[in-house]
Amino acid sequence: MANMTSCCDTCTFYIYDDEYECYTCDRDLDEDEMMRFLTDHHYQCPYYRSGDEYRVVRKQM
């Protein structure tokens, strides 16, 4: 699994929310996960998925 050092900006679940007019995580973190995410600099997000659409293509080359 990728970790948060990969950045939320590159995650598939990091989407623009028109209602809040900002980017938010589309996954629902429970209270414990959210606390770890906010306080631990080395937290590995279990929901992280690369939003790099060209990753598969580069792998095939």
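Start at 1 with the first residue, then count along the sequence.
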Tyr48 to Ser50 - nearest heavy-atom pair and separation: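 The pair with the smallest heavy-atom distance is CE2-N, 3.8 Å.
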Between Tyr47 and Phe13, which heavy-atom pair has the shortest distance, and what is it?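 Result for this residue pair: O-CE1, 2.9 Å.
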In this structure, would Tyr43 and Met34 fall into the same cluster of hydrophobic residues linked by side-chain contacts under 4.5 Å?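 Tyr43 clusters together with Met34.
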For a quick test of your reading: what N or O donor-acceptor pairs under 3.5 Å do the side chains of residues 14-28 make, sequence neighbours left out?
residue, atom, partner, partner atom, Å
Asp17, OD1, Glu19, N, 2.9

Could you give the distance from CD (Glu33) to CD (Glu31), rounded to the nearest 0.5 Å?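 If I round to the nearest 0.5 Å, the distance is 11.0 Å.
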